[in-house]
There are 2 protein chains.
Amino acid sequence: MGRTSDARSKLLSAALTLIWQSSYGAVGVDQICEVAGVKKGSFYYFFASKSELAVAAYESYWESKVPDMEAIFSSECPPLERIEGFCRKGYQSQREMFQRYGFVVGCPYANVGSELATQDPRIRAKTQEIMERILAYLEQAISDAVEVGDVEKLNPKEAARQVYSVMLGALLRAKVENNPEVLADLDRTVLRLLGVRQVSGLLTSRYE
Amino acid sequence: MGRTSDARSKLLSAALTLIWQSSYGAVGVDQICEVAGVKKGSFYYFFASKSELAVAAYESYWESKVPDMEAIFSSECPPLERIEGFCRKGYQSQREMFQRYGFVVGCPYANVGSELATQDPRIRAKTQEIMERILAYLEQAISDAVEVGDVEKLNPKEAARQVYSVMLGALLRAKVENNPEVLADLDRTVLRLLGVRQVSGLLTSRYE
DNA sequence: TGGTTAGTTGACAGTCTAGTCAACAATAAT
DNA sequence: ATTATTGTTGACTAGACTGTCAACTAACCA
């Protein structure tokens with residue numbers, strides 16, 4: 001009963017895009033409403049505050065990316081190739097956004113986490129939550145790689161955190177240099193960190 | 001001739017502290033002036049804009065830290081211990097600031113670079129510039145480590161960037177988790193990345 | 001068809017924003 | 001002591017900010 005609306009989802013995606021391209025602080029509610037084609041009154045009908053919208057936007061964005069993650073981290077795929085695939089996906093998507101917007105925009109979660117961790121507890125917690133979901137995928141892949149014997153015995157939890165750190169750091173450097181090519185050899189760096197001394201032909205076969 | 005003033009330097013340090021603890025966007029000129037004990041008119045006597053103040057603040061902060069960097073990366077010190085020392089310094093200072101402010105504040109350059117890389121070209125460039133100075137120290141240490149034979153032969157430029165990525169990523173994760181202990185094993189991670197398979201007794205001797 | 005619910009609207013409040021400016025005050029050099 | 005210069009001040013603009021609200025409208029259900 002009552003009328004229906006897509007204003008909520010339009011606000012979510014407008015917010016994500018705008019904040020990703022600039023920053024949380026630099027984007028106003030008016031601007032989000034304008035891009036979404038929604039009036040401010042409706043904004044506050046759906047969301048109690050800008051901060052709450054942001055939390056919902058990141059959760060919603062994550063959910064939209066779950067299928068991609070499931071594909072990349074499919075147990076069908078050899079463990080190290082999952083991680084390699086994740087690195088290359090990051091590289092590729094930054095390159096695409098660079099072409100489209102003229103900027104390396106970095107990781108949406110990392111951006112907002114870095115900006116607001118000390119200011120907005122809910123956004124900090126949501127960022128941490130999503131990062132832990134990503135870590136779980138990495139952990140599983142590493143644990144599988146150990147089992148299969150692709151890498152030496154190591155603590156998957158620890159190793160996943162190390163790997164994720166390199167990824168986040170490389171994304172940050174790419175953003176600061178505004179150069180997506182910083183990410184070109186991310187996969188090799190990560191494999192090196194995992195103790196894969198010589199990158200095997202199988203893994204490199206897809207480097208064109 | 002004319003009167004002298006320390007307002008400029010007070011503004012620089014107030015700006016750095018405030019922005020570091022929250023973010024560029026969340027800190028206002030009025031707030032900076034209040035903490036610095038300087039009226040806004042004076043602010044705009046010394047700086048053309050908030051953005052210009054930020055650039056000057058980061059340059060000034062770097063300059064104040066050069067002696068520390070020179071000590072840590074002294075050529076007197078064994079190459080790998082320089083890198084280890086840098087990691088441990090990062091860990092320690094984040095722990096101190098966590099105790100003082102209740103928050104892991106992260107790397108000041110990375111924070112502002114992440115927030116403003118797509119918005120403020122000058123701040124982006126300054127961040128990149130300072131990061132390159134840090135990379136130069138790492139590069140030298142790695143190059144020395146290769147020469148001394150502490151690590152296998154590798155490209156120092158590439159390796160320095162990899163090492164720095166881990167550091168930035170770990171700092172970011174510590175901030176998002178608001179937990180400085182994320183950085184506790186950063187030195188071991190970095191040495192691992194450099195191919196130091198078994199962390200030697202000499203290097204671990206100072207772990208209590 | 002009528003009632004209930006869900007969603008829309010635009011004007012509004014109050015506060016904060018970066019930045020300006022002309023008049024004023026202190027000091028260093030002559 | 002005068003003067004040129006350097007720095008201080010606080011009131012001011014003009015716009016942006018988040019958030020509010022009461023009146024209005026559309027659609028679903030019975």
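Predicted, not measured: the structure shown is a model, and the values here were computed from it. Naming convention: chains lettered A, B, ... in sequence-line order (proteins, then strands); numbering from 1 in each chain. Values below: every heavy atom of this structure, side chains too, minus hydrogens, waters and symmetry copies.
Residue pairs meeting the side chain to side chain donor-acceptor pair (under 3.5 Å) criterion with at least one member in residues 68-78 of chain B, sequence neighbours excluded: B:D68-B:K89, B:E70-B:Y137. Among pairs with a residue in residues 12-28 of chain A, none fulfils salt bridge (Lys or Arg N to Asp or Glu O under 4.0 Å), at least two apart in sequence or across chains. Counting only residues at least two apart or on different chains, the salt bridge (Lys or Arg N to Asp or Glu O under 4.0 Å) pairs with a member in residues 168-179 of chain B are B:R173-B:E177. For residues 25-36 of chain A, the salt bridge (Lys or Arg N to Asp or Glu O under 4.0 Å) pairs, not counting sequence neighbours, are A:D30-A:K40. Pairs of residues two or more places apart, or lying in two chains, never qualify as side chain to side chain donor-acceptor pair (under 3.5 Å) while including a residue from residues 3-15 of chain A.
Here C:dC16 presents its P atom at 16 Å from CD1 of B:I32, a figure rounded to the nearest Å. Taking atom NZ of residue A:K10 and atom C1' of nucleotide C:dG7, one finds them 12 Å apart after rounding to whole Å.
The aromatic rings of B:Y61 and B:Y109 sit tilted relative to each other, their planes meeting at an angle between 30° and 60°.
Protein chain B touches strand DNA chain D; the 5'-most and 3'-most nucleotides with an atom under 4.0 angstrom of its non-hydrogen atoms are D:dT5 to D:dG10.
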Practice task
Could you encode protein contacts along nucleotides 18-30 of chain C as a string, one character per nucleotide from 5' to 3', using B for base contact, S for sugar-phosphate-only contact and - for no contact, with a heavy-atom cut-off of under 4.0 Å?
Solution key: BBBB---BBBSS-

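For the side chain to side chain contact (heavy atoms under 4.5 Å, CB included) test, residues two or more places apart in sequence or in another chain that qualify with B:A160 are B:L135, B:L138, B:E139, B:I142.
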Could you tabulate the donor-acceptor pairs under 3.5 Å formed by side-chain atoms of residues 21-29 of chain A, not counting sequence neighbours?
residue : atom : partner : partner atom : Å
A:S22   : OG   : A:L18   : O            : 3.0
A:S23   : OG   : A:A26   : N            : 3.3
A:S23   : OG   : B:Q119  : NE2          : 3.0
A:Y24   : OH   : A:S51   : N            : 3.1

